[in-house]
Undergrad: 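Have a look at the structure that comes next, please.
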Number of protein chains: 2
Amino acid sequence: MTGKLGVSCFGCQTRHTTEWCASSDAELTLLDQVKAPKIMEAGTALFHQGDECGGIYCLNSGLVGIRRLDAAGNSTLLRLAGPGETIGYQSFLLGTAHRATAEIMMPSTVCFIRRQTVRGLLEQNPNLGLRFLRHNVKDAAEFEERHFETISFTVRSRFLNLLMVLYERFGSLNEDGEPVLDLPLSRQDIAALIGSTPETVSRSISKVQDEGLARFKGRKVLLQDIDELMRQLPAS
Amino acid sequence: MTGKLGVSCFGCQTRHTTEWCASSDAELTLLDQVKAPKIMEAGTALFHQGDECGGIYCLNSGLVGIRRLDAAGNSTLLRLAGPGETIGYQSFLLGTAHRATAEIMMPSTVCFIRRQTVRGLLEQNPNLGLRFLRHNVKDAAEFEERHFETISFTVRSRFLNLLMVLYERFGSLNEDGEPVLDLPLSRQDIAALIGSTPETVSRSISKVQDEGLARFKGRKVLLQDIDELMRQLPAS
DNA sequence: CGCAATTTTGATCCGGGTCAAACGTCGTGG
DNA sequence: CCACGACGTTTGACCCGGATCAAAATTGCG
């Protein structure tokens with residue numbers, strides 16, 4: 001019994017890394033029946049800040065950006081969510097409206113699970129809640145970490161750090177065997193992620209380029225000296 | 001059946017604000033029997049970074065500081081925990097050693113609950129896990145918020161913000177009916193909390209004093225113009 | 001009453017934010 | 001197909017908040 005679009009929970013690549021990995025076959029079957037898998041284009045949104053929370057989203061593939069709009073209407077990218085991540089469960093759990101917008105950053109396939117269904121599953125399976133809990137504890141720890149980094153490292157360090165994280169996720173080798181990376185983010189968003197401004201990010205890029213560590217053309221990046229780049233990362 | 005020291009979960013002031021509020025009478029009775037309430041002096045520690053997690057702590061009264069030691073041996077205050085808060089559950093849930101040190105900042109009464117007991121309670125009562133989950137989701141949201149504040153507001157704003165938060169928790173009126181506050185923190189710790197340095201904090205204090213907004217003598221603070229102080233807070 | 005630790009003040013310097021302008025790059029309509 | 005405008009990016013110039021280093025002043029303690 002496959003879901004629409006051929007996306008079944010049983011075959012989901014990321015199932016074993018998500019909260020759902022403790023679910024029984026019966027529960028997965030139920031999920032397959034009620035979930036709504038969808039292929040979405042970059043630029044569209046899963047939900048908008050202020051929307052009431054109708055359910056949660058499980059990202060099968062692609063990339064989603066969580067962004068917040070401030071009073072002045074500027075949108076600030078807060079974090080990225082990748083395959084296997086469940087999105088919007090915070091608002092679901094707190095029973096509040098969404099505090100942020102979830103925007104598709106790359107073509108993605110996403111499964112939507114209605115509120116009532118999640119509620120039922122949580123009641124049936126106590127372990128599911130615990131898995132969400134562990135996941136969230138990790139997230140919180142990561143925030144703490146990021147906060148710490150922001151106040152103790154320079155923009156350059158943070159930029160290089162982000163660059164390498166993105167390389168791990170989206171990097172590859174070109175036909176010449178050189179490490180390359182296609183940035184899924186605008187400079188604006190890069191700046192927001194590391195707590196800086198587009199101008200300063202641009203300057204960091206120029207600097208890194210002048211030093212011969214990497215080469216930037218638009219969103220294409222060629223990591224010329226990846227070893228040195230790694231070496232300059234802040235100690236974790 | 002009261003616990004030692006006369007601290008019973010049934011009479012706990014903070015019970016209805018903690019995760020335990022959904023617990024049945026039977027469970028509370030069990031808790032009363034197995035928990036180890038203790039009065040602790042400022043300067044002592046509940047646990048140290050790197051210690052293995054033997055259980056969790058529920059703060060009945062007082063104040064606990066969560067601090068991390070970096071490679072150089074400097075300790076950085078990450079956050080404060082007040083009455084009603086459960087401490088150390090993150091490491092418990094992840095099954096890891098404590099990632100931080102929990103230090104008593106004011107004389108406190110703390111209840112310790114052994115790992116095995118918590119495990120049992122969590123298995124019996126699925127709601128307990130969900131309550132922890134909600135609590136942690138809120139914490140994570142708060143971190144996000146704080147991160148956002150740190151990169152978008154000045155040290156002065158952050159300092160005033162902290163000052164008012166502390167006033168809400170520890171402030172009172174003196175014999176003349178003026179709002180006063182006894183800081184439970186050193187300048188070092190204040191600096192760490194707002195992501196700055198002791199010197200800059202000291203300068204902020206001088207500035208605020210020169211402007212006639214407040215008067216500082218050691219850890220004693222007299223809030224001279226509390227309305228103006230509130231007005232200068234960053235928009236929440 | 002000293003000695004050590006904390007706090008304050010002073011002087012200096014630099015990362016990086018802000019404002020502005022030049023420069024692509026792309027999509028739209030003439 | 002090109003001209004045009006809107007936007008994102010880069011670069012330049014300037015300035016300020018705040019970190020750092022150093023030293024004096026205050027506080028707390030044995």
Side-chain angles (χ1 to χ4, degrees), chain A residues 41-43 65 67 70 72-77 103 105 148-163 182-211 214-221 232 234, chain B residues 41-43 65 67 70 72-77 103 105 148-163 182-211 214-221 232 234:
Chain A
E41 292 300 316
R67 47 174 81 248
D70 64 15
N74 312 315
S75 94
T76 306
L77 186 62
E103 182 193 327
M105 310 284 289
F148 189 74
E149 284 175 7
T150 303
I151 58 181
S152 45
F153 299 134
T154 64
V155 170
R156 164 186 249 257
S157 294
R158 287 178 267 152
F159 171 66
L160 289 185
N161 193 54
L162 176 62
L163 199 63
D182 227 324
L183 293 174
L185 300 171
S186 71
R187 313 286 146 133
Q188 284 256 19
D189 285 341
I190 292 175
L193 268 192
I194 65 176
S196 181
T197 63
E199 294 97 321
T200 302
V201 168
S202 186
R203 277 179 236 279
S204 296
I205 289 177
S206 301
K207 199 92 176 299
V208 170
Q209 207 156 204
D210 290 347
E211 294 170 9
R215 190 137 287 283
F216 294 76
K217 188 152 60 177
R219 294 190 176 186
K220 305 264 184 212
V221 190
Q232 293 193 11
Chain B
E41 291 301 317
R67 48 173 81 250
D70 65 13
N74 312 314
S75 95
T76 306
L77 187 61
E103 182 194 326
M105 311 282 290
F148 189 75
E149 284 176 8
T150 304
I151 60 182
S152 45
F153 300 133
T154 63
V155 169
R156 164 186 247 256
S157 295
R158 287 177 267 152
F159 172 65
L160 288 185
N161 193 55
L162 176 62
L163 199 63
D182 227 324
L183 293 174
L185 300 172
S186 70
R187 312 286 145 135
Q188 283 258 21
D189 284 341
I190 292 175
L193 267 192
I194 64 177
S196 181
T197 63
E199 294 97 321
T200 302
V201 168
S202 185
R203 277 178 235 280
S204 296
I205 289 177
S206 301
K207 199 93 176 299
V208 170
Q209 208 157 205
D210 291 347
E211 295 169 8
R215 190 137 288 284
F216 294 77
K217 187 151 60 176
R219 294 190 174 187
K220 304 265 185 209
V221 190
Q232 293 193 10

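First the proteins, then the strands, lettered A, B, ... as listed; each starts at 1.
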Undergrad: Heavy atoms, side chains only, cut-off 4.5 Å: are A/Leu183 and A/Leu163 in contact?
TA: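 When only atoms from C-beta onward are counted, A/Leu163 and A/Leu183 do touch, with a gap below 4.5 Å.
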Undergrad: Starting from P on D/dC16, measure out to NZ on B/Lys207 and report it in whole angstrom.
TA: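 Those two atoms, NZ and P, are 13 Å apart.
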Undergrad: Let me know the distance between NZ of B/Lys217 and P of C/dT7, rounded to the nearest Å.
TA: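 Value for this atom pair: 17 Å.
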Undergrad: Roughly, in whole Å, what's the span from CZ in B/Phe159 to P in D/dG18?
TA: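 Rounded to the whole Å, the gap is 13 Å.
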Undergrad: From CZ of B/Arg187 over to P of D/dT27, roughly how many Å is that when rounded to an integer?
TA: 11 Å
Undergrad: Between B/Ile194 and B/Asn161, does the side-chain contact (heavy atoms from CB on, under 4.5 Å) criterion hold? Intermediate values first, please.
TA: CA-CA 9 Å; B/Ile194 64 177; B/Asn161 193 55; over 6 Å; no
Undergrad: From the set D/dT9, C/dT8, C/dT7, return the single nucleotide nearest to any side-chain atom of A/Ser186.
TA: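 The answer is D/dT9.
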Undergrad: Report yes or no: does B/Glu149 contribute a side-chain atom to a donor-acceptor pair with the main-chain N or O of B/Arg158 at less than 3.5 Å?
TA: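 Between the backbone of B/Arg158 and the side chain of B/Glu149 there is no qualifying donor-acceptor contact (under 3.5 Å).
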Undergrad: Using atom types as modelled and distance alone, determine if a side-chain donor or acceptor of B/Ser202 lies under 3.5 Å from a backbone N or O of B/Pro198.
TA: no
Undergrad: To the nearest Å, how far apart are A/Ile151 CD1 and D/dG17 C1'?
TA: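 Spelled out: CD1 on A/Ile151 to C1' on D/dG17 is 16 Å.
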Undergrad: Starting from C1' on D/dG28, measure out to CZ on B/Arg219 and report it in whole angstrom.
TA: 11 Å
Undergrad: If you look only at pairs with a residue in residues 186-197 of chain B, which of them pass as a salt bridge (charged side-chain N to carboxylate O under 4.0 Å, His left out), with sequence neighbours excluded?
TA: B/Arg67-B/Asp189
Undergrad: Expressed as a whole number of angstroms, how long is the span from B/Gln188:CD to C/dT8:P?
TA: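 Interatomic distance, CD of B/Gln188 to P of C/dT8: 12 Å.
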Undergrad: Show, in sequence, the C-alpha distance, side-chain angles and deciding distance for B/Phe159 and B/Thr200, and conclude whether the side-chain contact (heavy atoms from CB on, under 4.5 Å) test is met.
TA: CA-CA 10 Å; B/Phe159 172 65; B/Thr200 302; over 6 Å; no
Undergrad: Can you check the B/Phe216 CZ to C/dT8 P distance for me, whole Å?
TA: 9 Å
Undergrad: Can you give me the N/O atom pairs linking the protein to nucleotides 16-18 of chain C at distances under 3.5 Å, or say none if there are none?
TA:
| unit_1 | atom_1 | unit_2 | atom_2 | d |
| --- | --- | --- | --- | --- |
| C/dG16 | OP1 | A/Val155 | N | 2.8 |
| C/dG17 | OP2 | A/Ser196 | OG | 2.9 |
| C/dG17 | OP2 | A/Thr197 | OG1 | 3.3 |
| C/dG17 | OP2 | A/Thr200 | OG1 | 3.0 |
| C/dT18 | O4 | A/Arg203 | NH2 | 3.2 |

Undergrad: Does A/Ser206 make a side-chain N or O approach to OP1 or OP2 of D/dT11 shorter than 4.0 Å?
TA: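 Yes, A/Ser206 has a side-chain N/O under 4.0 Å of OP1/OP2 on D/dT11.
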